[in-house]
Engineer: 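Structure provided below as structure tokens; questions to follow.
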Amino acid sequence: MAEDQATAAMETLAVEKQPETTVAEAPTVTITKRMMVAIDESDSSFYALQWVIDHFSNLLMTTEAAQAEGGLLTVVHVQSPSHHFAAFPAGPGGATAVYASSSMIESVKKAEQEASAALLSRALHMCRAKQIRTETMVLEGDAKDMICQAVEQMHVDLLVVGSRGLGKIRRAFIGSVSDYCAHHANCPILIVKPPKEIN
């Protein structure tokens, strides 16, 4: 018994006399956890979504490890705001505003919702085929502003948009969502340009 106590005391001393070792912490690596892809009815936006699926699927998989990391893909579609009137040139010298009936407004809204649902269904099908953790959103308003607002509110780590390849003149008149987002989004943005045959 005394021998056991002596052995235990020596082991304690041996442990106490060992030099302290410090372990350097590994550098922190930032992993993109939340990505957003903005889609519309264009082939270029779906090309951008497929590009994300092909290149970032390991960060967004539905496995337990990916869920613990928090990787999530948000697919967003922005509908144009509904206008309750239309202007038609009528009579001498000007346009006349004609207000749409409530049944017509409801019919237009329903058609827009169905179109958005079809786009997001197609996007979800693409993501589920590769087991990507995905959520969808439909927003209403100006696409440029709504995408940038959603990025800020959701703390998105990377925004991905497609490029339609508009010429300089068309881009100057109608604007480019990707160009606007590149200058105004509060996160890094990736603009995916499709091959020539898709444009």
Engineer: Is the number of heavy atoms from other residues, nucleotides or ligands within 6.0 Å of CD (Glu140) greater than 12?
Structural biologist: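 Yes, enclosed.
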
Engineer: Heavy atoms only: give me the nearest Met146-Leu139 pair and the separation to one decimal.
Structural biologist: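 Result for this residue pair: O-CD1, 3.8 Å.
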
Engineer: Is Tyr180 reachable from Val192 through a run of hydrophobic residues whose side-chain heavy atoms are each under 4.5 Å from the next?
Structural biologist: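 Val192 and Tyr180: separate clusters.
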
Engineer: Looking at Arg34 and Glu135, does any basic side-chain N land under 4.0 Å from a carboxylate oxygen?
Structural biologist: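 Judged by the 4.0 Å cut-off on N to carboxylate O distance, Arg34 and Glu135 do form a salt bridge.
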
Engineer: Hey, what do you get for SG (Cys181) to CG (Leu190), rounding to the nearest 0.5 Å?
Structural biologist: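 The CG atom of Leu190 is 12.5 Å from SG of Cys181, to the nearest 0.5 Å.
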
Engineer: One pair to check against side-chain contact (heavy atoms from CB on, under 4.5 Å): Phe56 and Leu73. What are the steps and the verdict?
Structural biologist: CA-CA 10 Å; Phe56 292 110; Leu73 176 63; over 6 Å; no

Engineer: Partners of Cys187 by side chain to side chain contact (heavy atoms under 4.5 Å, CB included), sequence neighbours excluded?
Structural biologist: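 For Cys187 the side chain to side chain contact (heavy atoms under 4.5 Å, CB included) partners, ignoring immediate neighbours, are Val151, Val156, Leu159.
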
Engineer: For Asp157 and Pro188, work out which heavy atoms get closest and say how close.
Structural biologist: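 Answer, listing the atom of Asp157 first, then Pro188: O-CD, 3.3 Å.
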
Engineer: If you look at every heavy atom in Pro194 and Ser44, which pair is closest and at what distance?
Structural biologist: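 Nearest heavy atoms, Pro194 then Ser44: CG-CB, 3.8 Å.
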
Engineer: Looking at every heavy atom in both Ile147 and Ala38, which two are closest together, and how far apart are they?
Structural biologist: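 That would be CD1-CB, 3.5 Å.
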
Engineer: So, for Cys148 and Ala185, which heavy atoms are closest and what is the spacing to 0.1 Å?
Structural biologist: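 Minimum heavy-atom separation between Cys148 and Ala185: SG-N, 3.8 Å.
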
Engineer: Indicate whether the side chain of Asp54 and that of Gln50 have a donor and an acceptor atom separated by less than 3.5 Å.
Structural biologist: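 The answer is yes; a qualifying pair exists.
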
Engineer: Return the minimal non-hydrogen interatomic distance between Leu72 and Arg133, and the atom names on each side.
Structural biologist: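 Smallest interatomic distance, heavy atoms only, reads CD1-O, 3.6 Å.
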
Engineer: With rounding to the nearest 0.5 Å, note down the distance linking CD1 in Ile191 to CG in Asp179.
Structural biologist: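 The CG atom of Asp179 is 7.0 Å from CD1 of Ile191, to the nearest 0.5 Å.
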
Engineer: Using the rule given for side-chain contact (heavy atoms from CB on, under 4.5 Å), can you reason through Val37 versus Met35, listing the C-alpha separation, both sets of side-chain angles and the distance that settles it, and then say yes or no?
Structural biologist: CA-CA 7 Å; Val37 177; Met35 293 179 158; 5.7 Å; no

Engineer: Can you tell if the side chain of Val52 reaches within under 4.5 Å of the side chain of Ile132, non-hydrogen atoms only?
Structural biologist: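 They are not in contact (no side-chain heavy atoms under 4.5 Å apart), so the answer is no.
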
Engineer: What's the spacing between Gln153 CD and Asn186 CG if we round to 0.5 Å?
Structural biologist: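 The CG atom of Asn186 is 11.0 Å from CD of Gln153, to the nearest 0.5 Å.
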
Engineer: What pairs of donor and acceptor atoms, side-chain ones from residues 114-126 against any protein atom, are under 3.5 angstrom apart with sequence neighbours left out?
Structural biologist:
from: Ser116; atom 1: OG; to: His77; atom 2: NE2; distance (Å): 3.4
from: Ser116; atom 1: OG; to: Gln79; atom 2: NE2; distance (Å): 2.7
from: Ser116; atom 1: OG; to: Glu112; atom 2: O; distance (Å): 3.1

Engineer: Would you find a donor on one side and an acceptor on the other, under 3.5 Å apart, between the side chain of Ser42 and the backbone of Asp40?
Structural biologist: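 A pair under 3.5 Å: no.
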
